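Worksheet: one structure, shown below.
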Amino acid sequence: MRILIFLTTSIALMLSGIGATSISVAFPFITSYFGAPITVAGWTISVYQLGYTVTMPIVGKISDVLSRKFTFITCLALFTFASAACLFVDSIGLLIFFRFIQALGGGGFMPSSVGIISETYPESRQKMIGLFSSILPIGHIVGPNLGGWLVDSFGWRSVFMINIPLGLAAIVLSFFLLKSGERKSGSIDFLGAGLVGGVVALLMLGLTLLSYESMARWAWVLFVGSAVFAVLLFRHEERAIDPILDLEILKRKPFVAANVYNLIYGGAVTGVFSLIPAFATAAYQMSASDCGLLLLPRSIGVIAASFITSIYIMQWGYRWPLIIGSGVTAASLFFLSMAPANIFLLYILMLIAGLAVGVISPTSNNACIELLPQKAATITGVRGMFRQIGGAVSVTLATLVVEIVGDPVRGYALAFIGIGVAFIATIPLIFMMPSHPQASK
């Protein structure tokens, strides 16, 4: 029974990865089909990241307060319904809208699933959460490759088709496998949820507009608006009886360290690393298929290292895997910035970077959860929010550096060095977190 629950939540997380990445191969066809400007069509990708980031901390809290089963199935239903709706849209505006709805469901998979796994495997929580972390890279591998075949065979709408049977299967399995559970004490802070959405949405929109020279001035207006919402949020949360963002998770020193670390981690994994295809195209004139092949060693490394680290996390603890993983990630980025002439060495660097990220992933996901295990979903949601924001910030800064420098190869190299230095700077934060799962009991 428990393994079926793990597999069901894994299906959901894989769907999230597929939904985020399969659209990239369909994007040129979507742009052509609707005859939309690329700045408008680009929102089919950007809006998913926006909805995903806004949703994670809110759904994490809802999952900790309401029934995990209800929260998880609701997210699955939203994701599956929106995927089906994308099959029939007749305008780019409707496609963007339903992609946003899809993201609201997909963004809730990780926090609600971690809450379910935390309660299903209380005696081996760290190992199972770590193993769960290795599922998302599988979705990132399946998404572009399966999406490319579907687009070539059945057209761009088919990238949404795969979500429907898998989503429906996960809903049915969840209905029968998951316990309804009693409603936990507490209430939903709707005003706080709205303020969280405002802070994240304005920040993410501002970062997106900053990439467009003609709209960059409006980005700063949005940044100011995000800061105002942040001030209002903290003032409200200090007075709220049951805040949507538990300030203990934001203010307590181990959580501050973990959140800042995950901000930098997101800046590398979901941010700068996503620019490697563009770097490879500029430095090595690689084709799109070659770039996809270049990312494969990294994904394999992430999956393998995440699996092994998850198995031994109780023996190894948190501290040394994070230190070693951060150091190796920084070193791989420094060597990557040198644009090695040997293509084989480039593939080796990608594998090493993947192994390093795979060591970091389960440990950074687990660190500090034992301090408040009853709020595992909330912690995971906040952590995911910081990762997504870090990714958005790093991509924006990297593209601005490339534009200012004028030479793509040199610009991307500076971005790799910058995030590598940031990773080294996070090492003191690691010593502020619990050193070992046993130490936090």
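Positions are given from 1 along the sequence. Because the structure is a prediction, the values reported are computed rather than measured.
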Heavy-atom donor-acceptor pair, Thr363 side chain to Ile360 backbone, under 3.5 Å
yes

Output, in order, the C-alpha distance, side-chain angles, deciding distance and verdict of salt bridge (charged side-chain N to carboxylate O under 4.0 Å, His left out) for Lys251 and Glu238.
CA-CA 11 Å; Lys251 290 184 175 181; Glu238 287 177 343; 3.4 Å; yes

Strictly distance-based, threshold 3.5 Å: is any side-chain N or O of Ser16 a donor or acceptor partner for the main-chain N or O of Ala12?
no

Residues Arg68 and Ser63: side-chain donor-acceptor under 3.5 angstrom
yes

Is there a donor-acceptor pair closer than 3.5 Å between any side-chain N or O of Thr74 and the backbone N or O of Phe70?
yes

Heavy-atom distance under 4.5 Å between the side chains of Leu76 and Phe79, does that happen here?
no

Flag, side chain of Ser361 to backbone of Gly358, donor-acceptor distance under 3.5 Å
no

Do the side chain of Thr55 and the main chain of Tyr52 share a donor and acceptor less than 3.5 angstrom apart?
no

Is Arg319 reaching over with its side chain to a backbone N or O of Met433, donor-acceptor style, under 3.5 angstrom?
yes

Looking only at non-hydrogen atoms, find the nearest pair between Thr8 and Ser174 and report the distance.
CG2-OG, 3.3 Å

Could you give me the CA-CA distance, side-chain angles and deciding distance for Ser326 and Ile430, then say whether side chain to side chain contact (heavy atoms under 4.5 Å, CB included) is met?
CA-CA 10 Å; Ser326 300; Ile430 298 171; 4.1 Å; yes

Sequence neighbours left out, what pairs pass ring pair (Phe, Tyr, Trp, His ring centres under 6.0 Å) with at least one residue falling in residues 320-365?
none

Shortest non-hydrogen pair, Ser337 vs Ala413, comes out as O-CB, 3.3 Å

Surrounding CZ of Arg2 (heavy atoms of other residues, nucleotides or ligands, distance under 6.0 Å), is the total greater than 12?
yes

Heavy-atom distance under 4.5 Å between the side chains of Pro362 and Tyr312, does that happen here?
no

Do the non-hydrogen side-chain atoms of Val196 and Phe229 ever get within less than 4.5 Å of each other?
no

Is the number of heavy atoms from other residues, nucleotides or ligands within 6.0 Å of OH (Tyr121) greater than 12?
yes

Taking the side chain as C-beta and beyond, is there a heavy-atom pair between Thr71 and Val59 under 4.5 Å?
yes

Between Phe6 and Thr120, is there a side-chain heavy-atom distance shorter than 4.5 Å?
no

Is it the case that the side chain of Ser112 and the backbone of Phe72 share a donor-acceptor pair, with hydrogens and angles ignored and the cut-off at 3.5 Å?
no

Closest heavy-atom contact between Pro111 and Gly107?
CD-O, 3.5 Å

Please report the closest heavy-atom contact between Leu203 and Ser226, naming both atoms and the distance.
CB-OG, 3.7 Å

Less than 3.5 Å apart, any donor N or O on the side chain of Ser364 or Arg387 sitting next to an acceptor on the other?
yes

Tell me whether Arg410 at atom CZ has more than 12 heavy atoms from other residues, nucleotides or ligands lying less than 6.0 Å away.
no

Heavy atoms only: give me the nearest Cys75-Gly108 pair and the separation to one decimal.
SG-CA, 3.8 Å

Measure the shortest side-chain to side-chain distance between Val260 and Phe386 over non-hydrogen atoms and say whether it is less than 4.5 angstrom.
no

Measuring only between side-chain heavy atoms, which start at C-beta, is Leu349 closer than 4.5 Å to Pro340?
yes

Exercise answer: donor-acceptor pairs, residues 415-429 side-chain atoms, under 3.5 Å, sequence neighbours excluded:
residue	atom	partner	partner atom	Å
Thr426	OG1	Phe423	O	2.5

Using side-chain heavy atoms (C-beta onward) and a distance below 4.5 Å, is Gln388 in contact with Met385?
no

So which heavy atom on Thr44 is nearest to which on Ile96, and how close?
CG2-CG1, 3.8 Å

Measure up the Tyr265 and Tyr261 rings against each other and bin them: parallel (under 30°), tilted (30 to 60°), perpendicular (over 60°).
parallel

